[in-house]
2 protein chains.
Amino acid sequence: MDQLAKAVGERVRYRRRACGLSQDNLALLSGIDRSYVGRIERGEVNITVEKLYRIAKVLVCEPATLLPKIQDIHS
Amino acid sequence: MDQLAKAVGERVRYRRRACGLSQDNLALLSGIDRSYVGRIERGEVNITVEKLYRIAKVLVCEPATLLPKIQDIHS
DNA sequence: CGGAGCCACGGATTATAATCCGCATCTCAT
DNA sequence: ATGAGATGCGGATTATAATCCGTGGCTCCG
């Protein structure tokens, strides 16, 4: 149902794996709770832009690349 | 410290004015509290990506365009 | 078998995002 | 001078983002 959260979750997961990191690694490096990054990737939560930047920094990419295009969300 | 919030605030304000909208207009159209829109533009708050998308939709732009480049944030 | 790494998932709590008031200031038009 | 529209800003409250636990289920390897 929450299309947006799922879309960013997929992108975070994809990018994380591309970086060869575990959820634990990402959590520790970004200073985010380990169980919370799981929830992010599963699209269960609606994160803040601050968290988005912390994650993007660790995954060495622009925050914008973790966001789906607005038209991809048929809300 | 809230470099990030200030940066997105500036962009929202700039884009809102480009659309010829008041804070009140943006608030009503996006379903966000008016005083909160003011705080966003002043960089006082750390918004969620869901709010970012609601705003971007009203301002007819990609959410990504409201986000500064990661290198522009000296954290 | 046993342990280690990785992940899903939940409950309870804490931090904070977001709302709902309200009042003050300023500009501009009447 | 007055009233309407736009914004700043603050306090108090509610909703929810985020944390801090934990359990259990995999797979892979000794």
Side-chain angles (χ1 to χ4, degrees), chain A residues 1-61 63-68 70 73 75, chain B residues 1-61 63-68 70 73 75:
Chain A
M1 200 66 241
D2 200 343
Q3 202 83 12
L4 175 56
K6 281 199 173 64
V8 315
E10 285 175 11
R11 286 156 194 262
V12 168
R13 174 163 294 179
Y14 181 84
R15 182 74 193 141
R16 171 179 62 80
R17 288 179 170 160
C19 290
L21 295 175
S22 67
Q23 288 184 352
D24 235 348
N25 293 151
L26 174 54
L28 289 170
L29 291 170
S30 61
I32 299 176
D33 185 68
R34 132 190 97 73
S35 75
Y36 198 61
V37 315
R39 291 177 194 192
I40 292 172
E41 293 191 355
R42 270 174 268 131
E44 295 179 1
V45 291
N46 173 28
I47 68 174
T48 58
V49 304
E50 190 262 344
K51 290 281 176 290
L52 182 72
Y53 273 73
R54 295 245 290 268
I55 290 170
K57 194 170 223 172
V58 172
L59 299 185
V60 202
C61 65
T65 67
L66 299 176
L67 297 182
I70 202 165
I73 313 294
S75 73
Chain B
M1 206 71 232
D2 38 29
Q3 195 83 11
L4 174 55
K6 284 202 172 63
V8 318
E10 285 176 10
R11 285 158 194 261
V12 168
R13 174 163 292 178
Y14 181 84
R15 183 77 192 135
R16 172 179 61 81
R17 288 180 170 157
C19 290
L21 296 175
S22 67
Q23 288 184 353
D24 233 349
N25 294 152
L26 174 55
L28 290 171
L29 291 171
S30 61
I32 298 175
D33 187 68
R34 184 203 71 79
S35 76
Y36 197 60
V37 171
R39 290 176 197 196
I40 292 172
E41 293 191 354
R42 269 173 268 131
E44 295 178 2
V45 292
N46 172 28
I47 68 174
T48 58
V49 303
E50 190 262 344
K51 290 281 176 292
L52 183 71
Y53 273 73
R54 294 245 290 267
I55 291 171
K57 195 170 226 173
V58 172
L59 300 185
V60 200
C61 66
T65 66
L66 299 176
L67 297 181
I70 203 165
I73 312 295
S75 73

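Naming: A, B, ... by sequence-line order, numbering from 1 per chain. Treat the numbers as computed from the prediction; the structure is a model and nothing was measured.
- For the pair B/I32 CD1 and C/dT19 C1', the interatomic distance rounds to 11 Å; values are reported in whole Å.
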Short heteroatom pairs, N/O only, protein and nucleotides 14-16 of chain C, under 3.5 Å:
none

Residue pair B/L59, B/R16: steps toward the side chain to side chain contact (heavy atoms under 4.5 Å, CB included) verdict: CA-CA 6 Å; B/L59 300 185; B/R16 172 179 61 81; 4.2 Å; yes
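- One interatomic measurement links the two molecules: OH of B/Y53 to C1' of C/dA17, which rounds to 19 Å at whole-angstrom precision.
- Distance, A/D33 CG to C/dG10 P: 16 Å, rounded to whole Å.
- Taking atom NZ of B/K51 as the reference point, atom P of C/dA18 lies 5 Å away to the nearest angstrom.
- The interatomic distance linking A/I47 (CD1) with C/dA17 (P) rounds to 13 Å, in whole Å.
- Across all their heavy atoms, A/L26 and A/S30 have their closest contact at O-OG, 2.5 Å.
- What separates CG of A/L26 from P of C/dC6 is a distance of 13 Å, to the nearest Å.
- Judged purely by atom type and a 3.5 angstrom limit, B/R15 uses its side chain to pair as donor or acceptor with the backbone of B/V60.
- For the residue pair A/D33 / A/S35, a side-chain donor-acceptor distance below 3.5 Å is found, with atom types taken as modelled.
- The phosphate of D/dA18 has OP1 or OP2 within less than 4.0 Å of a side-chain N or O from A/Y36.
- Annotation for B/I47 and B/Y36: closest pair CG2-OH, 4.2 Å, computed over non-hydrogen atoms.
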One pair to check against side chain to side chain contact (heavy atoms under 4.5 Å, CB included): A/L29 and A/L21. What are the steps and the verdict? CA-CA 10 Å; A/L29 291 170; A/L21 295 175; 4.3 Å; yes
Could you list, one pair per line, each protein nitrogen or oxygen that sits under 3.5 Å from a nitrogen or oxygen of nucleotides 5-12 of chain D, together with the distance?
{"residue": "D/dT7", "atom": "OP1", "partner": "B/R16", "partner atom": "NH1", "Å": "2.9"}
{"residue": "D/dT7", "atom": "OP1", "partner": "B/R16", "partner atom": "NH2", "Å": "3.4"}
{"residue": "D/dT7", "atom": "OP2", "partner": "B/Q23", "partner atom": "N", "Å": "2.6"}
{"residue": "D/dG8", "atom": "OP1", "partner": "B/R13", "partner atom": "NH1", "Å": "3.3"}
{"residue": "D/dG8", "atom": "OP1", "partner": "B/R13", "partner atom": "NH2", "Å": "2.7"}
{"residue": "D/dG8", "atom": "OP2", "partner": "B/R13", "partner atom": "NH2", "Å": "3.3"}
{"residue": "D/dG8", "atom": "OP2", "partner": "B/Q23", "partner atom": "NE2", "Å": "2.7"}
{"residue": "D/dG8", "atom": "O6", "partner": "B/R34", "partner atom": "NH2", "Å": "2.9"}
{"residue": "D/dC9", "atom": "N4", "partner": "B/R34", "partner atom": "NH2", "Å": "3.2"}
{"residue": "D/dG10", "atom": "N7", "partner": "B/R39", "partner atom": "NH2", "Å": "3.1"}
{"residue": "D/dG10", "atom": "O6", "partner": "B/R39", "partner atom": "NH2", "Å": "3.4"}
{"residue": "D/dG11", "atom": "O6", "partner": "B/R39", "partner atom": "NH2", "Å": "2.8"}

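- Between the CD1 atom of A/I40 and the P atom of C/dA8 there is a distance of 12 Å, rounded to whole Å.
- Without hydrogens or angle criteria, B/R54 side chain to B/G31 main chain gives a donor-acceptor distance under 3.5 Å.
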Audit row: B/T48, B/K51, side chain to side chain contact (heavy atoms under 4.5 Å, CB included) steps and yes/no: CA-CA 5 Å; B/T48 58; B/K51 290 281 176 292; 3.5 Å; yes
Test side chain to side chain contact (heavy atoms under 4.5 Å, CB included) applied to A/L67 and A/L52, step by step: CA-CA 9 Å; A/L67 297 182; A/L52 182 72; 4.0 Å; yes
